[in-house]
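Beneath this line is the structure, given in structure tokens, with notes to follow.
Everything quoted here is computed from the prediction, not taken from an experiment.
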Amino acid sequence: MLAGLAGCSGDLFQNSDNASLTQKAKPAVALSAGQGVPQKYASKVDEQLAASIKAKGVVLVEAKDAQYILKPTYAAAREKKGTKVAYTIDVTDKAGNTVRTISGEEIVSNKRGGDNWKHLNDEGIQKVALKSATDVALWVENPNAPQAAPAVAAVEPATPVRAAAAPTPIKAAAAPRVRQPAHAAEQPSLASAVAAPAPRAHAAVNPGEVVAVVSGVTGAPGDGKTSLTEAMKRALNRQGIKLSSSGAPGSYKIQGEVQMGAAQNGQQPITIKWVVYDPTGKQLEKTVVQNNKIGAGTLDGAWGEIADQAAGAAAAEVSKLLNKSPTGQAQAGNGTSG
């Protein structure tokens with residue numbers, strides 16, 4: 001908290017002590033009754049899922065207080081190994097739009113045949129609930145992470161064609177010779193070129209190297225979106241953090257967000273949050289938060305020195321988060337600076 005600086009826009013956020021760390025907020029979720037389960041098992045399935053989700057540290061609230069609603073659907077099917085239960089949990093927002101789909105399956109019994117649901121016992125219900133609750137908890141920890149692409153079943157390589165079945169090669173005399181360059185033997189065949197992964201647009205970050213990308217600040221009035229973003233880049237550079245403008249694989253992402261409160265008695269509260277995402281897209285547990293009050297409308301135009309003051313204070317804390325990351329610690333162990 002920025003105590004003692006209310007209304008003093010000249011030295012707003014000037015000291016690094018003005019930036020504090022806070023735990024990231026987790027979305028409030030509610031759980032609706034499961035669908036697709038026979039009435040005989042429905043209540044047990046719902047109760048066990050709710051208990052498992054709470055055991056994972058996720059707080060369930062009433063639907064009216066929730067940011068998201070979890071809507072599970074189940075299906076039982078016969079497998080070679082027995083009977084499985086597949087689950088699909090649609091995560092919907094207040095407007096009813098599906099923002100994420102969580103799905104999976106679990107073998108609940110080594111028996112099969114007849115009514116698939118009759119093979120679902122208490123142990124099977126617990127297995128399904130635990131697995132689906134784990135998936136839900138992972139999403140709650142990082143709701144903005146990109147959705148993983150569905151797994152593609154592995155395809156066995158085709159049986160090679162025997163030499164005798166292959167077309168008879170054309171003799172050299174039947175076609176003009178094409179002079180091959182000296183390194184022709186090193187060139188990949190057309191088949192291997194097609195199968196090879198596409199080249200990356202950007203080179204990956206070297207192991208142990210902390211590289212960050214500063215995304216455009218959102219919610220800022222005036223020229224804050226640009227001036228605060230650029231000020232953060234300069235401040236991080238002074239902290240020894242290497243920056244990238246292209247988002248190379250392995251780089252961290254820093255996202256700034258400005259929230260302006262309602263003006264009252266000529267004063268207006270301002271909060272600046274700096275969220276850090278690791279190279280996998282997962283939000284770090286702590287967020288850098290800056291709070292203060294300014295003269296109403298002070299930042300509706302050019303931010304000027306205030307952008308540098310705010311970014312300078314926040315960058316000191318952001319750099320600590322980056323250097324405490326696995327990449328940053330590995331770098332420190334190698335005796336190099338950020």
Side-chain angles (χ1 to χ4, degrees), residues 1-30 58-69 91-97 99 140-144 214-236 253-277 283-318 321:
M1 299 294 291
L2 309 189
L5 294 181
C8 301
S9 59
D11 59 357
L12 182 68
F13 307 127
Q14 188 169 8
N15 300 318
S16 62
D17 292 341
N18 297 338
S20 62
L21 295 177
T22 182
Q23 292 294 113
K24 67 179 182 181
K26 297 179 182 179
V29 298
V58 178
V59 178
L60 294 178
V61 299
E62 297 292 331
K64 62 182 179 64
D65 302 320
Q67 184 179 357
Y68 298 104
I69 310 293
V91 183
T92 62
D93 59 17
K94 284 281 191 179
N97 302 312
V99 298
V140 169
E141 285 295 324
N142 194 16
N144 295 321
V214 180
S215 300
V217 173
T218 62
D223 71 353
K225 179 179 179 180
T226 301
S227 61
L228 191 54
T229 300
E230 295 304 314
M232 175 55 82
K233 292 179 181 178
R234 293 192 296 269
L236 287 173
K253 176 184 175 182
I254 301 167
Q255 177 70 62
E257 177 186 351
V258 177
Q259 297 175 349
M260 304 296 298
Q264 187 174 8
N265 298 324
Q267 297 289 301
Q268 189 173 16
I270 176 176
T271 298
I272 307 177
K273 296 180 180 180
W274 299 95
V275 183
V276 182
Y277 298 89
Q283 181 180 332
L284 298 191
E285 280 298 317
K286 292 188 176 181
T287 298
V288 177
V289 179
Q290 297 170 285
N291 294 294
N292 211 318
K293 287 185 179 181
I294 60 173
T298 300
L299 298 179
D300 290 347
W303 281 51
E305 293 182 359
I306 293 179
D308 288 317
Q309 293 168 6
E317 301 300 329
V318 170
L321 293 178

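- Atom NZ of Lys225 and atom OG of Ser215 lie 10.5 Å apart (nearest 0.5 Å).
- Nearest heavy atom pair, residue Pro221 against residue Asp300, reads CB-OD1, 3.9 Å.
- Atom CG of Asn265 is surrounded by 12 or fewer heavy atoms from other residues, nucleotides or ligands within 6.0 Å.
- Shown here for Lys293 and Pro269, the closest heavy-atom pair between the two residues is CG-CA, 4.1 Å.
- The backbone N or O of Gly295 sits less than 3.5 Å from a side-chain atom of Thr298, completing a donor-acceptor pair.
- The minimum heavy-atom distance between Trp303 and Leu299, with the atom names listed, is NE1-O, 3.5 Å.
- Atoms NZ and CG, on Lys273 and Asn291 in that order, are 8.5 Å from each other to the nearest 0.5 Å.
- Shortest non-hydrogen contact noted between Tyr68 and Asp93 is CD2-CA, 4.1 Å.
- Here the CD atom belonging to Gln290 is positioned 11.0 Å from the CD atom belonging to Gln309, to the nearest 0.5 angstrom.
- For the residue pair Val61 and Ala30, the shortest heavy atom distance occurs at O-CB, 3.2 Å.
- The closest side-chain heavy-atom distance from Met232 to Trp274 is below 4.5 Å.
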All N/O donor-acceptor pairs, side-chain side in residues 253-262, below 3.5 Å, sequence neighbours left out:
{"residue": "Gln255", "atom": "NE2", "partner": "Gly216", "partner atom": "O", "Å": "2.8"}
{"residue": "Glu257", "atom": "OE2", "partner": "Gln259", "partner atom": "NE2", "Å": "2.9"}

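- Taking CG of Leu284 as the reference point, atom CG of Leu321 lies at 6.0 Å (rounded to 0.5 Å).
- Side chain of Lys94 to main chain of Ile69: no donor-acceptor pair is present (N/O by atom type, distance under 3.5 Å, no hydrogens or angles).
- A distance of 12.5 Å separates CG in Asp65 from CG in Leu60, rounded to the nearest 0.5 Å.
- Closest approach of Leu228 to Ala307, counting heavy atoms only: CD1-O, 3.6 Å.
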